[in-house]
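A short worksheet on the structure shown next.
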Number of protein chains: 2
Amino acid sequence: MDTKEHILSVAQKLVQQRGYNGFSYADIAEQVGIRKASLHHHYATKSELGIALLVSYSAQLDDELQRINALPAKADVKLAAYAAIFRGSLKAERMCMVGMLASEWLTLDPAMLPSLKRFFERNVEWLTEVLAEGKSQNLFSLPGSAADHARILLSALQGALLIARATGDHAAFDGTASLLIKSITGKG
Amino acid sequence: MDTKEHILSVAQKLVQQRGYNGFSYADIAEQVGIRKASLHHHYATKSELGIALLVSYSAQLDDELQRINALPAKADVKLAAYAAIFRGSLKAERMCMVGMLASEWLTLDPAMLPSLKRFFERNVEWLTEVLAEGKSQNLFSLPGSAADHARILLSALQGALLIARATGDHAAFDGTASLLIKSITGKG
DNA sequence: GTCTATAACGAGATAGAC
DNA sequence: GTCTATCTCGTTATAGAC
């Protein structure tokens, strides 16, 4: 991994754990093993780094969604795989990076906001497709639009991750996630 | 309102809007109309202020839940009144203060954490009671435990507020909240 | 209880040598 | 591309007068 990627990886972890306003260039420098000033050669300003983080994180999301799309699985399994992404974050004691940034959005460089919004839209779009797919396969019984259910899923997983990480109650997250999926796949 | 309460009120708004690491004593001083140094007479340190904020915010929650309990209404109406609290925050462009603090919990004074956890527990307990009440009134048809449904409700409302505030999509919040309640009160 | 003044530190960022 | 050295500003917090 070259230095630029190493910086990005460390910075992403710091945002997910401490928030954008909760870490400094000194923290990155320490973990990457170079001096603060050298960071500015790769990312001149902190908000430039923030924008790069959003681009990188969105690409990671696309990779994950494509990986799930490629599974030889039905829609219900895809939903479980999607929820497992959040479960993995919880295990690593990290928030979704964009969920974290969303909480701080009023303090962010406005240039970061478009990709932040786009990230959530991408999640809702993908979930809406999977829900529609499950509907056409007669796997799901959904009162209300697929898009509204998609937003419930995204919101509930973000909120459950937020709360479970702070309370340390991982079992509560599991209960929430499995009941969420159960309530979509139907009771029978 | 005396100065101490005024400080608390301004600080609470700042945490809800910008996060605990996103505002300073200078911001409070400017809005309260006194000097930075005077703030330390009322709250010696920032984490002392943070703890006072959690005590005050928890008391506000108790007031709201008691107000809803006192309504001459059935469980479904109480759930809608609970969701309306979050809707009010969104309208004021504020996060739930404790949801905000939860995202930053790794950077907080550990003394703040017990009341933070207690806040979420209080929400889940109350929601669990209302859901059980609705069940006994034959208003709700719930697969899974009332506590798990309570956690879905809390998580989804926290997440929907987080996302809708950042994206500016208030209609998405409304769709999420109403479908959440609809899916509990049943389709008939 | 509020003020001025200031301490002590950490932040993001820059200059210029190597 | 990384370093040392430094700048400027904002942060929490304190001392002591009024």
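Below, read A as the first sequence line, B as the second, and so on, with proteins coming before strands; counting in each chain starts at 1.
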**Q.** Under the ring pair (Phe, Tyr, Trp, His ring centres under 6.0 Å) test, residues paired with A:Phe23 that sit two or more places apart
**A.** none
Can you tell me how far [atom2] of [N] sits from [atom1] of [X], to the nearest Å?
| X | N | atom1 | atom2 | result |
| --- | --- | --- | --- | --- |
| B:Ile28 | D:dT11 | CD1 | C1' | 12 Å |
| A:Tyr43 | C:dT14 | OH | P | 17 Å |
| A:Arg35 | D:dA5 | CZ | C1' | 12 Å |
| B:His6 | C:dG1 | NE2 | C1' | 16 Å |

(Q) Can you pull out every side-chain hydrogen bond (donor to acceptor under 3.5 Å, both in side chains) where at least one residue sits in residues 156-175 of chain A? Sequence neighbours excluded, please. (A) A:Arg87-A:Asp174
Going by the rule side chain to side chain donor-acceptor pair (under 3.5 Å), which residues pair with [X] if we only count those two or more places apart in sequence or in a different chain?
| X | value |
| --- | --- |
| B:Gln17 | none |
| B:Ser145 | B:Asp148 |
| B:Lys78 | B:Glu133 |
| A:Ser178 | none |

Which pairs, protein N/O on one side and nucleotides 9-12 of chain C N/O on the other, fall under 3.5 Å?
unit_1, atom_1, unit_2, atom_2, d
C:dA11, OP1, A:Ser24, OG, 3.1
C:dG12, OP1, A:Lys46, NZ, 3.2
C:dG12, OP2, A:Tyr25, N, 2.8

Q. According to a strict under-4.0 Å criterion, is B:Thr3 in side-chain N/O contact with OP1 or OP2 of C:dG1?
A. no
Q) Should A:His41 be listed as having a side-chain N or O under 4.0 Å from OP1 or OP2 of C:dT14? A) no
Q) Of all of residues 103-114 of chain B, which get a heavy atom below 4.0 angstrom from DNA chain C, listed by number? A) none
Enumerate the protein-to-nucleotides 15-18 of chain C contacts in which both atoms are nitrogen or oxygen and the separation is below 3.5 Å.
none

Q: Any ring-ring contact (aromatic ring centres under 6.0 Å, His included) involving residues 57-99 of chain A? Give me the pairs, sequence neighbours left out, ordered by first then second residue.
A: A:Tyr57-A:Phe119, A:Tyr82-A:Phe86, A:Tyr82-A:Trp126
Q: Could you pull out all residues at least two apart from B:Ala150 that satisfy side-chain contact (heavy atoms from CB on, under 4.5 Å)?
A: B:Val124, B:Leu127, B:Thr128, B:Leu131
(Q) A:Ala84: which residues meet the side-chain contact (heavy atoms from CB on, under 4.5 Å) condition with it, sequence neighbours left out? (A) none
**Q.** From B:Ile28, B:Val55, B:Leu49, residue fulfilling side-chain contact (heavy atoms from CB on, under 4.5 Å) relative to B:Leu8
**A.** B:Leu49
Q: Could you tell me whether A:Glu30 atom CD has more than 12 heavy atoms of other residues or ligands within 6.0 Å of it?
A: no
